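Side chains included, hydrogens not; waters and symmetry mates left out as well; all remaining heavy atoms used. The chains referred to below are lettered A, B, ... by the order of the sequence lines, with proteins before strands, and numbering in each begins at 1. Note that the structure is a prediction, hence the values are computed from the model and not measured.
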Protein chains: 2
Amino acid sequence: MKFIEKLRNSGLRPTKQRLQICEVLFNTERTFHFTINELEQKIKDKIDNKISLATIYNTVHAFEKKGYLKQIPVNSNQTYFDTNITDHHHFYNLKDGKLIDLENSDVGPINIKRKIDGKKIKSIEVLVKLED
Amino acid sequence: MKFIEKLRNSGLRPTKQRLQICEVLFNTERTFHFTINELEQKIKDKIDNKISLATIYNTVHAFEKKGYLKQIPVNSNQTYFDTNITDHHHFYNLKDGKLIDLENSDVGPINIKRKIDGKKIKSIEVLVKLED
DNA sequence: TTCCACTTTATAATGGTTCTAAATAGCTGT
DNA sequence: ACAGCTATTTAGAACCATTATAAAGTGGAA
Ligand SMILES: [Mn+2]
Ligand SMILES: [Mn+2]
Ligand SMILES: [Zn+2]
Ligand SMILES: [Zn+2]
């Protein structure tokens, strides 16, 4: 199985739970955005055994640290994650709290002219809030 | 007092607490970013009477709704607010969780080419994460 | 197989935020 | 100035996403 290698190469043991979460997160036609609650539901729908909520949190954080998931900065009581780890930007639909990927060509290059010394830029993220 | 008018014109009664919070938030040399905890501290430092935490939350939300404060989208367990309500972008220092204003001239105009029909753009916000 | 560090798990704890309902204080009309 | 009404404040409880705990289970090296 392809995910076993991926996990081993990251120093993460390929446990049953992690492999199942990999299936849900990465064995998909397209990338997607999710909150932990939504992921918990997806997992319940797709697998038969139970995975504890703590393991879901642990795994998501482990995957994020390894760079397999990204957190999206939005104002919400829940944390949003993205399986699309390429540099890209987002529409945020205030009505339903859903994120939509923006292609870089939809936004154009962003060139930050100001520098803060001793610091380097880790990421540049654009959030475009949508209303009716 | 200038804040009395401001509040009355917004349909908010100019209570002692609101006026004191106005002093802390708006009677300043420059704009600033804050969390509720930080604001609570600032209030404790600057005024003698106590203002309850509930009132601070209520007031911040009331001011935000009236457009006197903005929320900044960042990934944190606390909500960040800004007394600078002009359209502008931010550096986010991951080390200490502090925000720094970016001038629009530091970022350049952002032109979102894609449209979502039935929706209009409410805001465009750029967050530039900084690391060492 | 043995062993141990890593992982999972149920559950408790944490902490920012929101809710509740009773007390207080603006404001309008008299 | 006063009454009456509504908005506001407040202490404390409730909420709930997330993190911590610590005991049981598991992967994999030897
Ligand atoms: Mn979540
Ligand atoms: Mn806060
Ligand atoms: Zn995305
Ligand atoms: Zn700002």
Inset, instruction - Given side chain to side chain contact (heavy atoms under 4.5 Å, CB included), test B/Lys129 with B/Leu127 step by step and report yes or no. - result: CA-CA 6 Å; B/Lys129 290 185 187 166; B/Leu127 188 69; 4.3 Å; yes
Legend entry - salt bridge (charged side-chain N to carboxylate O under 4.0 Å, His left out) between B/Glu38 and B/Lys98, worked out: CA-CA 12 Å; B/Glu38 290 166 349; B/Lys98 295 292 177 209; 3.1 Å; yes
Legend entry - salt bridge (charged side-chain N to carboxylate O under 4.0 Å, His left out) assessment of A/Lys70 paired with A/Glu125: CA-CA 11 Å; A/Lys70 280 203 319 182; A/Glu125 291 162 275; 5.1 Å; no
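As rounded to whole Å, 14 Å separates atom C1' of C/dT18 from atom CD of B/Glu64. For the pair A/Asn58 CG and D/dA17 C1', the interatomic distance rounds to 15 Å; values are reported in whole Å. One atom, NZ of A/Lys16, and another, C1' of C/dT9, lie 13 Å apart when rounded to the nearest Å. Note: CD (B/Glu38) to C1' (C/dG15) measures 15 Å, nearest angstrom. Atom-to-atom, CD of B/Gln41 to P of C/dG16 comes out at 12 Å; the value is rounded to the nearest Å. Between B/Leu7 atom CG and D/dT9 atom C1' the separation is 15 Å, expressed in whole Å. Summarising the geometry, the separation between CG on A/Leu12 and C1' on C/dA5 is reported as 14 Å, rounded to the nearest angstrom. Distance, A/Leu53 CG to D/dC16 P: 15 Å, rounded to whole Å.
The cationic atom of A/Lys42 (NZ for Lys, CZ for Arg) lies less than 6.0 Å from the six-membered ring centre of A/Phe32 and within 45° of the ring axis. The side-chain tip of B/Lys6 points at the ring of B/Phe26 from less than 6.0 angstrom away and within 45° of straight on.
For B/Pro14, the side-chain atoms get nearest to C/dG26 when compared with the rest of C/dG16, C/dG26, D/dT10. Distance from the side chain of B/Tyr57 is smallest for C/dG16 among the nucleotides C/dC27, C/dA10, C/dG16. Checked against C/dT8, C/dA10, C/dG16, the side chain of B/Asn77 finds its nearest nucleotide in C/dG16. Taking every side-chain heavy atom of B/Ile36 into account, C/dT17 is the closest of C/dC6, D/dT18, C/dT17. Here D/dT19 is the nucleotide among D/dT10, C/dT9, D/dT19 with the atom lying nearest to any side-chain atom of A/His61.
Residue A/Arg18 places at least one side-chain N or O under 4.0 Å from the OP1 or OP2 atom of C/dT8. In this structure, A/Gln17 reaches the C/dT9 phosphate: one of its side-chain N or O atoms is under 4.0 Å from OP1 or OP2. One finds a side-chain N or O of B/Arg8 lying less than 4.0 angstrom from the OP1 or OP2 phosphate oxygen of C/dC27. Close to D/dA17, at under 4.0 Å from its OP1 or OP2, lies no side-chain N or O of A/Thr79. Proximity of B/Thr35 to the phosphate of C/dG16: no side-chain N or O atom is located under 4.0 Å from OP1 or OP2.
Checked for salt-bridge contact, A/Asp132 and A/Lys95 meet the test: a charged N lies under 4.0 Å from a carboxylate O.
In this structure, A/Lys50 reaches the sugar-phosphate backbone alone: every heavy-atom distance under 4.0 Å involves primed, P, OP1 or OP2 atoms, never a base. Among the protein residues, B/Thr55 comes within range of the nucleic acid bases, having at least one heavy atom under 4.0 Å from a base atom.
Nearer to the 5' terminus of DNA chain C, by closest-nucleotide assignment, is the contact made by A/Ile51 (compared with the other of B/Ala54 and A/Ile51).
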